[in-house]
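Each chain gets a letter, A, B and so on, in the order its sequence line appears, and its residues count up from 1.
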Amino acid sequence: MTPNSADDDRHRRLAAVRPRLVAFALMHLRDAAQAEDAVQEALVAAIEKPEAFAGRSGYETWVFGILKYKILDAMRAQRRQGKWQPLEDETDDEAIDRQFQRNGRWQESARPSSWGEPEATFENEYFWQVFDACMIGLPDNLARVFSLRELMGLSTGDICQEVGIKENNCWVMLHRARLRLRACIERGWLEESA
Amino acid sequence: MMMCKQATRLMSLKRDRPLTFQERLSLRLHLAMCGACRNCDRQFELLHQVGRHYEPTSEDDGERHEQSDDDPGSPGR
């Protein structure tokens, strides 16, 4: 491959992966313009420093790695602007209370069912549509903490530092995010197969 | 006796920090008796794995070795 056609190939692959990068950034930043900016910066970095790609991972994965740093930078800026609130009231969440009876058992209508084999679920395009929609439906602070933990893979200790909340608060938020997500996904997921 | 709601708290927590012995024991007891919570536990696990599948799993993982394995350190030993 000549250098030029290698460049063309990379540009083509960047264009192809761009929508997923934007969706990923949006989940963390919850702001379309900031998500676009973070992706733009990541793409520029990838194009300007192609020699930094060591070939140890796939090219797209490498670009994703760059994007993660850009997202973290943007999140720090959001924090400075005061866009991050910890949970104020740790005891009350209606969306979650609806899943349980007063005595702490599942509501009949909310009892978790089986989603089948994880691998098959992940390969199903429809699952990702439901997942993305449910992420968008989460309250901002829960979505941010969930994406830092489960999409970015940060520890709750690191998240506390990153966003300036107490670790205990972080665990409460993750519990809520997971319960809301599971209920939302289950609704969308089972509707499709019904 | 721990109820489902508290059980989900431990199911969530165990993905973020190691549970204490007491917590592990009460969660295990609850899961042994409650099918809905076992499903919930699997759903949390799936959500826990979502990140690994969210990144583009590049189809070119196989071809990367062709370009990258010119490590100067080892040949000849």
Checklist outcome for this item: Counting heavy-atom pairs under 4.5 Å with chain A, the top scorer among B:Gln49, B:Met2, B:Gln6 is B:Gln49

Checklist entry - How far does CZ of B:Arg15 sit from OG1 of A:Thr156, to the nearest 0.5 angstrom? => result 14.0 Å

Checklist entry - What's the spacing between B:Leu13 CG and A:Leu174 CG if we round to 0.5 Å? => result 9.5 Å

Item to check | Proximity of residues 24-33 of chain A to chain B, residues having a non-hydrogen atom under 4.5 angstrom | outcome: A:Phe24, A:Met27

Checklist entry - So with a 6.0 Å cut-off around CZ of B:Arg28, is the heavy-atom count from everything else above 12? => result no

Checklist entry - Linking I/L/V/M/F/W/Y whenever any side-chain heavy atoms sit under 4.5 Å apart, do A:Val44 and A:Val63 land together? => result no

Item to check | Rounded distance [0.5 Å steps], NE2 in A:His175 versus CZ in B:Phe44 | outcome: 5.5 Å

Next on the checklist: I'd like to know whether CZ of B:Arg9 has more than 12 heavy-atom contacts from other residues, nucleotides or ligands below 6.0 angstrom.
Outcome noted: no

Checklist entry - Cluster question for you: counting only ILVMFWY and a side-chain heavy-atom cut-off of under 4.5 Å, with indirect links fine, are A:Leu21 and A:Ile136 together? => result no

Next on the checklist: Working to the nearest 0.5 angstrom, can you tell me the gap between A:Gln99 CD and B:Cys4 SG?
Outcome noted: 11.5 Å

Checklist entry - For the residue pair B:His53 and A:Phe122, does the interplanar ring angle fall in the parallel (under 30°), tilted (30 to 60°) or perpendicular (over 60°) class? => result parallel

Item to check | Interface residue of largest heavy-atom contact number with chain B, from A:Ser113, A:Gly153, A:Pro118, under 4.5 Å | outcome: A:Ser113

Item to check | Joint cluster assignment, A:Tyr69 & A:Leu67, ILVMFWY side-chain distance < 4.5 Å | outcome: no

Next on the checklist: Does B:Gln43 form a side chain to side chain contact (heavy atoms under 4.5 Å, CB included) with A:Leu181? I'd like the steps, not just the answer.
Outcome noted: CA-CA 10 Å; B:Gln43 294 175 359; A:Leu181 274 176; over 6 Å; no

Item to check | Pairwise distance CD(A:Glu150) to NE2(B:His48) - rounded to 0.5 angstrom | outcome: 5.5 Å

Checklist entry - Measuring heavy-atom distances to chain B, does A:Ala23 have an atom under 4.5 Å in its side chain, in its backbone, in both, or in neither? => result both

Checklist entry - Heavy atoms under 4.5 Å from chain A: which residues of residues 19-26 of chain B carry them? => result none

Checklist entry - Given a strict heavy-atom distance threshold of 4.5 Å, which part of A:Thr121 is in contact with chain B: side chain, backbone, both, or neither? => result side chain

Next on the checklist: Are A:Tyr59 and A:Ile47 connected into the same hydrophobic cluster when the rule is that any two of I, L, V, M, F, W, Y join if their side-chain heavy atoms are below 4.5 Å apart?
Outcome noted: yes

Item to check | same_hphob_cluster(B:Leu27, B:Met3) at 4.5 Å side-chain heavy-atom cutoff | outcome: no

Checklist entry - Are any non-hydrogen side-chain atoms of B:Arg17 and A:Trp171 less than 4.5 angstrom apart? => result yes

Next on the checklist: So, taking the atom named CH2 in A:Trp106 and the one named OG1 in B:Thr8, what distance separates them when rounded to the nearest 0.5 Å?
Outcome noted: 5.5 Å

Checklist entry - Which atoms of A:Arg149 come close to chain B, meaning under 4.5 Å heavy atom to heavy atom: side chain ones, backbone ones, both, or neither? => result side chain

Checklist entry - Given a strict heavy-atom distance threshold of 4.5 Å, which part of A:Glu117 is in contact with chain B: side chain, backbone, both, or neither? => result neither

Checklist entry - Is a side-chain donor or acceptor of A:Arg178 paired with a backbone partner of B:Ser12 at a separation under 3.5 angstrom? => result yes

Checklist entry - chain A heavy atoms under 4.5 Å from B:Glu45: which part of the residue, side chain, backbone, both or neither? => result neither

Next on the checklist: Please evaluate residues B:Leu46 and A:Phe131 with respect to the criterion side chain to side chain contact (heavy atoms under 4.5 Å, CB included), reporting the C-alpha separation (whole Å), side-chain torsions for both, the decisive distance (0.1 Å), and the verdict.
Outcome noted: CA-CA 11 Å; B:Leu46 192 107; A:Phe131 176 78; over 6 Å; no

Next on the checklist: Taking the cut-offs as 6.0 angstrom to the six-membered ring centre and 45 degrees off its axis, would you call B:Arg42 and A:Trp115 a cation-pi pair?
Outcome noted: no

